[in-house]
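Everything numeric in this text was worked out from a predicted model, so none of it was measured. Throughout, protein chains are lettered first and strands after them, A, B, ... in sequence-line order, and every chain is numbered starting at 1. Values reported hereafter were calculated over all heavy atoms of this structure, with side chains retained and with hydrogens, waters and symmetry mates removed.
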Amino acid sequence: MSDPVTTFKAPIGTHDVLGPASAQWEGLVATFAQFAFRYDFELCITPMFEDVGVFNRGIGEHSEVAKKEMYVFADRSQRHYALRPEGTAPVVRAFVQHHPTVPWKAWYVTPAFRYERPQAGRYRQHHQLGVEVLGTDDPAVDVEVISLAQRFYEAIGLRRFRLLVNSMGHDVCRSAYVEKLRRHLLANVPGLCVDHRDVWHENPLRVLDCKKRSCIAVTEQGPMLIDHICADCRDHFDRVVAGLLSIGIPSTINPRLVRGFDYYTRTTFEFVSDALDGAQNAIGGGGRYDRLAEQLGGKPTSGIGFGSGIERLLLARDAEDVQPRDLINRTLDLFVIDTTDLDVATELVDELRSAGFATGRSYDRRSMKAQMKVADKSGARLALLVGPLEDAAGEVTIRDLRSADFEQRQRTVARGDLALEVSKLLND
RNA sequence: GUGGGCGUAGCUCAGUUGGUUAGAGCGCCAGGUUGUGGUCCUGGAGGCCGCGGGUUCGACCCCCGUCGCUCACCCCA
C-alpha cells in the first residue's frame with residue numbers, strides 16, 4: 001500500500017464554487033456588469049491587498065472590522081498589508097492616486113476577507129459587487145446609486161426585500177449629536193446591556209444599533225441622529241428620499257441604522273431581505289463618505305457607494321424560492337458523437353465552435369451508447385453523429401435530442417452544409 | 001473570541017446492547033448481439049467509518065484530545 005498522502009481543504013470559512021452554483025454566480029456578475037454599464041459606470045480593479053493604513057486610518061477608527069477582523073500580514077520586506085475587508089476604501093485610494101476626472105463612477109466585483117467565525121451567510125472570504133461615485137454630493141447621485149441596487153435586485157428575481165435609509169449628518173452636526181447621545185447614555189449606563197455597559201463610550205452610535213431590549217429601552221428615550229442633523233444635511237436627506245419616491249422606490253427611515261464603517265456621512269442605507277433570518281439579513285448596503293478621500297490623503301471629495309454580498313444574494317434568492325430562471329444561457333447547442341477511429345470530432349467541434357455554436361463532445365473513444373448518454377445529460381439540443389459510414393460519405397447525422405419521438409428525428413447532411421443546417425434546426 | 005450540534009462511499013444517509021468479509025439510494029462505469037440518449041434489468045468500481053491516543057480478547061460504536069463542518073452570540077455582505 002502506498003503511504004498516505006496529505007490532503008488539503010479550502011481554508012476555514014472559505015468555499016469553492018463549482019457548477020451548477022457557479023452558473024448562478026456567472027449570471028449575477030454578468031447581470032451586475034450589464035446594470036453598471038447601463039448606469040454609466042466603468043469597471044475598477046484594485047489589488048486584493050493594500051497597505052493596512054488604507055483600512056485603518058489612524059486614530060478614531062472604531063470599525064469592528066478594521067479593529068479585529070482584518071487579515072494583516074507583513075511581506076518579505078516587512079511592509080504591512082491587509083487583505084481587503086471591504087470594497088470602498090481601495091477604490092477611493094485608487095481615486096486619490098490617479099485623480100480621474102469627476103464625477104468618477106466605478107463598479108467592482110471582488111472578494112473580501114474578514115477573520116471571524118463562519119456561520120450561515122458569513123464567511124472569511126465572501127464576494128461583493130458594488131459601485132462608487134466620487135466627486136459630487138448631488139442627492140441625485142445618491143438616488144442613482146440606490147436605484148441601481150434596487151433595480152439589480154429586482155432583475156435577479158428578489159422581491160421580499162426592503163430599503164432602510166438614515167442620515168449620519170456631517171462631522172459638525174454629528175459630533176454635536178454624539179455629545180448629546182453621550183450625555184444621555186452616561187445618565188443611563190445601568191440600563192445598557194452587558195456588552196455595551198463598559199464600552200458604550202468608545203462608539204456611542206453603536207449602541208443605537210444594539211438589538212438587546214435593554215439598550216433599545218435606553219436609546220428610545222434619547223435623541224435620534226436624524227432629528228439633530230443640520231439644516232443642510234436634512235435638506236440633502238429629504239431630497240434623496242423624495243428622489244427615490246419619484247422613481248417609485250419606497251424607503252423606510254430607520255434612525256437606528258448605523259453602518260459598520262466609520263467613514264460614513266449623510267446618506268446611509270441598507271437593503272435587508274425578509275426571506276433571510278435576522279442575523280445575516282443584509283444583502284447590501286452603503287452610504288456617503290464625504291471625508292474618506294481626504295483621510296486617504298486626497299483633496300476633499302464627496303463620495304457614495306454600496307456593496308452587495310454575492311453569497312447573501314444567492315441565499316436570499318434561494319430563500320425566496322425564486323424560479324431558477326437562467327440569468328445566463330448555459331445550454332449547449334450541440335454534442336458531437338464520434339465513433340470513427342480517426343477522431344473526426346476534433347475537426348468537427350472546432351468548425352462548429354468557430355461558427356459560434358456551444359459544442360460539447362466526449363473523449364476516450366467510448367461506445368456510441370455511452371456517448372449518447374453523455375450527450376443526453378449535457379442538455380445539448382442536437383447530437384451530431386459521425387461514424388465510419390458518415391465519414392466515408394463526407395456526411396454527418398444530426399439528431400434532435402429534445403424531440404419526444406426519438407425514433408424519427410434524425411437526418412444526414414453533407415458536411416459542407418452542416419453549419420447552415422444546424423442553425424436552421426436551432427432556430428426552429 | 002464564547003457556546004451548542006455533527007464528522008461512515010462522489011452526494012444524501014443507515015449501521016442493531018462494542019463481535020468477525022461496513023450497507024442502501026442516487027451518481028459513476030460496463031453489459032442487455034450486429035452504430036443511437038430519457039424508463040427498466042444485471043453486474044462492477046469506489047470507504048485509513050475525519051485524525052491521534054486510551055479502555056477492551058475485540059471499537060464505526062465507549063472515553064480523552066485534536067482538526068474540520070455547522071448553528072448561535074458578536075459583527076457584518
With a non-hydrogen cut-off below 4.0 angstrom, is A:G121 in contact with a base, only sugar-phosphate, or nothing? base
Sticking with atom C1', work out how far B:rC62 lies from B:rG19, rounded to a whole angstrom. 15 Å
A:A370 or A:C210, whichever maps to the more 5' nucleotide of RNA chain B: A:A370
Looking at every strand, decide which applies to A:I12 at a 4.0 Å heavy-atom threshold: base, sugar-phosphate, or nothing. sugar-phosphate
If I take atom CZ from residue A:F357 and atom CD from residue A:E351, how far apart are they, to the nearest 0.5 angstrom? 10.0 Å
Atom CG of A:L18 and atom C1' of B:rC11 are separated, to the nearest Å, by 13 Å
Check every atom of B:rG1, B:rG37, B:rA77 against the side chain of A:R399 and return the nucleotide holding the closest atom. B:rG37
What is the base-pairing partner of B:rC69, counting Watson-Crick and G-U wobble geometry with both distances under 3.5 Å? B:rG5
A:D209 and A:R206 ion-paired at < 4.0 Å: yes
Using the C1' atom in both, what is the distance from B:rC57 to B:rG10, to the nearest Å? 37 Å
Both distances below 3.5 Å, Watson-Crick or wobble geometry, any strand: find the nucleotide opposite B:rG37. none
Would you say A:K373 reaches B:rA30's phosphate, i.e. side-chain N/O to OP1/OP2 under 4.0 Å? no
Closest to the A:Q410 side chain: B:rU36, B:rC75, B:rA77? B:rU36
Base of B:rA77 and ring of A:H126 stacked, centres under 5.5 Å, planes under 30°: yes
A:M368, nearest nucleotide to its side chain (from B:rG35, B:rC71, B:rC74): B:rG35
Hey, does the side chain of A:R117 come within less than 4.0 Å of B:rU70's phosphate (OP1/OP2), counting only N and O? no
Distance, P atom - from B:rG37 to B:rA14, rounded to whole angstrom: 37 Å
Of A:A120 and A:F271, whose closest RNA chain B nucleotide lies nearer the 5' terminus? A:A120
For atom P, what is the distance between B:rC75 and B:rC69, given to the nearest Å? 23 Å
Euclidean distance, atom OH of residue A:Y153 to atom P of B:rA77 [Å, nearest integer]: 11 Å
Spacing between A:K211 atom NZ and B:rC74 atom P, to the nearest angstrom: 6 Å
Under 4.0 angstrom, heavy atoms only, what part of the nucleic acid is A:A375 near: base, sugar-phosphate, or nothing? nothing
Could you identify the nucleotide paired to B:rU17, looking across every strand shown and requiring Watson-Crick or G-U wobble geometry with both distances under 3.5 Å? none
Is it the case that A:R266 places NZ or CZ above or below the six-membered ring of A:F237, under 6.0 angstrom from the centre and within 45 degrees of the axis? no
Between P on B:rU36 and CE on A:M372, what's the gap in Å once rounded to a whole number? 9 Å
pair_partner(B:rC74), Watson-Crick or wobble, both distances < 3.5 Å, evaluates to none
Select base, sugar-phosphate, or nothing to describe what A:E390 touches, counting heavy atoms under 4.0 Å on all strands. base
Distance between the C1' atoms of B:rU55 and B:rG18, in whole angstroms? 11 Å
Below 4.0 angstrom, N of the basic side chain to O of the carboxylate: do A:D290 and A:R288 qualify? yes
Look at all strands and tell whether A:K212 reaches a base, only sugar-phosphate, or nothing, counting heavy atoms closer than 4.0 Å. sugar-phosphate
Could you check whether A:Q280 gets within reach of a base, just the sugar-phosphate, or nothing at all, counting any heavy atom under 4.0 Å? base
What integer distance in Å separates A:Q119:CD from B:rC6:C1'? 17 Å
So does A:E320 pair up with A:R317, basic N to acidic O under 4.0 Å? no
Does A:R174 count as lying over the ring of A:Y177, i.e. NZ or CZ under 6.0 Å from the six-ring centre, within 45 degrees of the axis? no
Does A:H127 use its side chain to pair, donor to acceptor, with the backbone of A:W25 at less than 3.5 Å? no
Is any side-chain N of the basic residue among A:K424 and A:D417 closer than 4.0 Å to the acidic one's carboxylate O? no
Which whole number of Å gives the distance between the P atom of B:rC49 and that of B:rC61? 10 Å
Scan A:L385 against the nucleic acid and name what it touches under 4.0 Å (heavy atoms): base, sugar-phosphate only, or nothing. base
Who does B:rA59 pair with, Watson-Crick or G-U, both distances under 3.5 Å? none
Nearest-Å distance once atom C1' is located in both B:rU8 and B:rG68: 15 Å
Report the distance from atom CG of A:D338 to atom P of B:rG37, rounded to the nearest whole Å. 17 Å
Could you please name the partner base of B:rG43, counting Watson-Crick and G-U wobble pairs only when both distances are under 3.5 Å? B:rC29
Determine the contact category for A:R366: base if any of its heavy atoms lies under 4.0 Å from a base atom, sugar-phosphate if only primed atoms, P, OP1 or OP2 are that close, otherwise nothing. sugar-phosphate
Under the side chain to side chain contact (heavy atoms under 4.5 Å, CB included) rule, what do A:T397 and A:E395 come out as? Steps first, then yes or no, please. CA-CA 7 Å; A:T397 297; A:E395 295 173 334; over 6 Å; no
Output the rounded distance in Å from CZ (A:R122) to P (B:rG1). 12 Å
Quick one: does A:E116 reach the base of B:rA77 with a side-chain donor-acceptor pair under 3.5 Å? yes
Whole-Å gap separating P (B:rG68) and OH (A:Y123): 18 Å
Does B:rC48 have a Watson-Crick or wobble mate here (both distances under 3.5 Å), and if so which one? none
Can a donor-acceptor pair under 3.5 Å be found between the side-chain atoms of A:K9 and the base atoms of B:rG50? no
Suppose you measure atom P in B:rG23 against the same atom in B:rU2; what distance do you get, rounded to whole Å? 42 Å
